[in-house]
Asker: 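Below: one structure in structure tokens.
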Amino acid sequence: MKRRYLDYSATTPVKKEVLEAMIPYFTETFGNASSIHTFGQIAKEVLTESRKKVANLINANENEIFFTSGGTESDNWALKSIAKVNKNRGKHIITSKIEHHAILHSCETLESEGFEVTYLDVDEYGFISLEDLKNAIRKDTILISIMYINNEIGTVQNIEEIGKIAKDNNVIFHTDAVQAAGNIKIDVKELNVDLLSMSSHKIYGPKGIGALYIKRGTRIIPFMDGGAQEKKKRAGTENIPAIVGFAKACEIAKENLDEHINKLSVLRDDLIEKVSNSIDDVKVNGPRDNRHPGNVNFAFKYIEGEALLLMLDAVGVAASSGSACTAGSLEPSHVLMSIGLGHEIAHGSLRLTIGDFTEEEDIDFIVENLIRIVQTLRDMSPLYQG
Amino acid sequence: MLYTDIVMDHFSNPRNVGEIKDADGMGEVGNIQCGDIMRIYINVVDDVITECKFKTFGCGSAIASSSITTELVKGKTIDEALELTNKDVVQQLGGLPSVKVHCSVLAEDALKVAIYDYAEKNNKNYKGLEGFDPNQVNHEH
């Protein structure tokens with residue numbers, strides 16, 4: 001059976017060119033970048049080159065890029081360190097209700113340490129209101145953290161305007177750009193962003209590596225104590241093969257960005273249109289415009305998401321859902337609840353995320369099978385009056 | 001894999017899906033918040049369950065639990081059917097992940113509520129229903 005992967009927002013396969021770039025750094029050029037000898041110095045050189053490539057994807061300066069173990073670490077580091085450094089200035093943080101758990105749970109930790117957090121509501125498409133943001137800012141607000149692109153429903157926030165508001169009010173601004181970097185043009189010089197989290201495995205690089213962009217002049221303290229790596233900001237021997245892979249993935253993403261966005265958005269719009277036209281009682285979650293180029297999210301009435309995923313998997317289609325059953329919790333996804341979906345429809349959500357290896361033929365296959373599977377499950381459902 | 005082959009078989013090829021029009025007994029449990037609603041219908045002749053069907057809104061294990069329950073009680077007497085517990089359902093399915101065990105509880109409860117409905121309508125008393133209150137069925141996970 002041909003397996004079709006439609007879960008690129010969960011993770012992506014490593015591209016061949018990326019893997020090939022990494023391989024020599026496991027076996028031949030394996031030195032520790034802190035060592036004085038040639039092995040070490042070669043590693044140090046490649047570290048610098050890699051940092052430039054990662055910086056280039058978001059138009060940052062190379063000395064503003066700090067490698068971490070991934071998006072979660074970058075988010076934790078940004079929030080907790082900025083809070084700690086600025087605690088004498090204030091104790092108030094602003095974020096949104098639809099952030100990734102790396103942000104939300106970091107905020108909860110900070111709340112338990114005495115910080116106050118405002119969680120901004122979002123509208124039915126997942127956008128925060130800039131007015132709400134302005135109104136939420138207090139004299140003691142030290143940090144705003146708003147995700148660039150939502151991982152479930154693909155909403156692209158107006159980061160530039162949020163950045164302006166933060167700057168006008170002298171508040172530090174962090175954005176979780178894990179779903180954005182490589183899927184949208186990012187220029188930190190135009191954005192008024194102080195900190196930005198990135199992850200490698202969402203853009204065809206290896207897992208376990210990411211970065212935090214820290215704008216020059218932003219005061220931050222280390223999250224990890226130890227050696228003097230990453231300008232004494234993030235200790236631990238650099239994971240050179242992963243960094244090389246991440247850098248290669250950034251380089252490819254930068255080169256092909258327009259083509260990537262065009263290809264994905266055509267497939268995305270096609271999938272949304274075909275499913276909307278051929279299945280009744282389906283809602284498209286997330287916005288029409290300002291949407292992640294590869295994100296599709298439906299809610300099918302009368303059926304439950306996990307059952308849908310299992311039936312799709314049985315025909316080789318890999319997808320995800322915001323249903324409570326898939327999360328092992330009692331509540332459907334916080335994102336779907338925040339955009340105002342009722343329980344009955346949030347349980348029937350399906351996320352299909354398109355990537356560089358998705359083909360038109362996959363879309364047709366999915367539509368055909370979705371029509372059948374949704375009907376099969378509806379015929380079993382006591383909520384459906386066919 | 002998340003589920004055993006038996007669960008996947010009952011999920012992919014569910015037995016006895018559907019409604020019984022004017023069923024002798026019907027039981028519905030679960031709630032929309034948790035994402036599971038299970039409805040079981042029974043027809044009874046001479047205290048024997050001659051027909052049993054289900055309709056379920058829920059995950060793979062909820063559908064499989066409903067399906068196997070209908071199979072297990074078809075042809076059984078009411079007293080025998082009332083002895084069925086969620087543990088039997090889990091065992092017959094070859095096991096369920098711990099977070100999904102509540103699905104088997106829903107199946108046991110839906111069946112009991114259906115039998116209670118039948119007993120009420122027909123003024124019957126069954127030992128297995130002593131102390132059973134359909135309104136006290138735990139609808140939370």
Side-chain angles (χ1 to χ4, degrees), chain A residues 1 3 7 10 281 299-334 336-337 340-350 369 372-386, chain B residues 1-5 7-21 23 26-41 53-67 70 96-103 106-107 110 113-114 138-141:
Chain A
M1 179 173 57
R3 296 230 167 251
D7 204 11
D281 291 326
F300 298 99
K301 265 187 159 173
Y302 319 118
I303 60 174
E304 196 279 327
E306 191 219 69
L308 194 53
L309 294 186
L310 290 173
M311 288 203 170
L312 281 170
D313 192 51
V315 293
V317 176
S320 74
S321 169
S323 139
C325 270
T326 60
S329 69
L330 298 181
E331 279 291 311
S333 116
H334 65 287
L336 299 177
M337 298 313 280
L341 293 196
H343 280 90
E344 74 284 4
I345 188 156
H347 282 298
S349 77
L350 175 72
N369 281 277
R372 179 181 57 77
I373 290 168
V374 167
Q375 194 56 50
T376 303
L377 288 171
R378 282 182 175 171
D379 287 340
M380 271 191 240
S381 170
L383 303 174
Y384 180 65
Q385 309 295 335
Chain B
M1 291 304 288
L2 183 58
Y3 294 126
T4 65
D5 290 347
V7 173
M8 285 311 290
D9 176 39
H10 276 271
F11 166 66
S12 314
N13 311 293
R15 303 2 169 214
N16 309 309
V17 179
E19 236 176 276
I20 301 177
K21 288 262 180 275
M26 194 273 274
E28 180 176 305
V29 296
N31 68 51
I32 197 72
Q33 270 75 26
C34 301
D36 296 298
I37 295 177
M38 207 177 275
R39 198 185 280 171
I40 287 184
Y41 303 86
K53 291 199 168 192
F54 81 91
K55 280 217 160 183
T56 291
F57 163 85
C59 58
S61 61
I63 290 169
S65 297
S66 323
S67 167
T70 62
L96 279 177
S98 56
V99 294
K100 300 288 188 178
V101 169
H102 71 90
C103 293
L106 285 177
V113 176
N138 181 13
H139 288 189
E140 304 300 321
H141 289 182

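Here is the naming used below: chain letters follow the sequence lines, and residue numbers restart at 1 for every chain.
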Asker: Working to the nearest 0.5 Å, report the span between NE2 of His343(A) and CG of Asn31(B).
Answerer: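 His343(A) atom NE2 to Asn31(B) atom CG measures 8.5 Å (nearest 0.5 Å).
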
Asker: Using a 3.5 Å distance criterion without hydrogens, assess whether the side chain of Glu306(A) forms a donor-acceptor pair with backbone atoms of Gly60(B).
Answerer: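 Judged by distance alone, yes, a pair lies under 3.5 Å.
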
Asker: Under 4.5 Å heavy-atom distance to chain B, tell me which part of Leu310(A) shows up: side chain, backbone, both or neither.
Answerer: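 Both parts, backbone and side chain.
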
Asker: Any chance NZ of Lys55(B) has more than 12 other-residue heavy atoms, nucleotides or ligands included, within less than 6.0 Å?
Answerer: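 It does: Lys55(B) NZ has more than 12 such atoms within range.
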
Asker: Any chance you could measure Thr56(B), atom OG1, to Ile303(A), atom CD1, to the nearest 0.5 Å?
Answerer: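 That separation rounds to 14.0 Å.
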
Asker: If you look at every heavy atom in Asp379(A) and Val17(B), which pair is closest and at what distance?
Answerer: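 The answer is O-CG1, 4.1 Å.
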
Asker: If every non-hydrogen atom of Glu344(A) is compared with every non-hydrogen atom of Phe57(B), which pair is closest and at what distance?
Answerer: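 So the two residues come closest at O-CZ, 4.1 Å.
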
Asker: In Å and rounded to the nearest 0.5 Å, what is the CD1 to CD1 distance from Ile32(B) to Ile345(A)?
Answerer: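 Those atoms lie 10.5 Å apart.
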
Asker: If you count every heavy atom of other residues, nucleotides or ligands that lies below 6.0 Å from Asn13(B) atom CG, does the total exceed 12?
Answerer: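 Counting other residues, nucleotides and ligands, CG of Asn13(B) exceeds 12 neighbours.
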
Asker: Using non-hydrogen atoms only, which part of Pro97(B) is less than 4.5 Å away from chain A: side chain, backbone, both, or neither?
Answerer: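 For Pro97(B), no heavy atom lies under 4.5 Å from chain A.
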
Asker: For Phe11(B) and Met380(A), which heavy atoms make the closest approach, and how far apart are they?
Answerer: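 Residues Phe11(B) and Met380(A), closest heavy atoms: O-CE, 4.4 Å.
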
Asker: Would you compute the distance between atom CD1 of Ile63(B) and atom CE of Met311(A) and round it to the nearest 0.5 angstrom?
Answerer: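 Answer rounded to 0.5 Å: 6.0 Å.
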
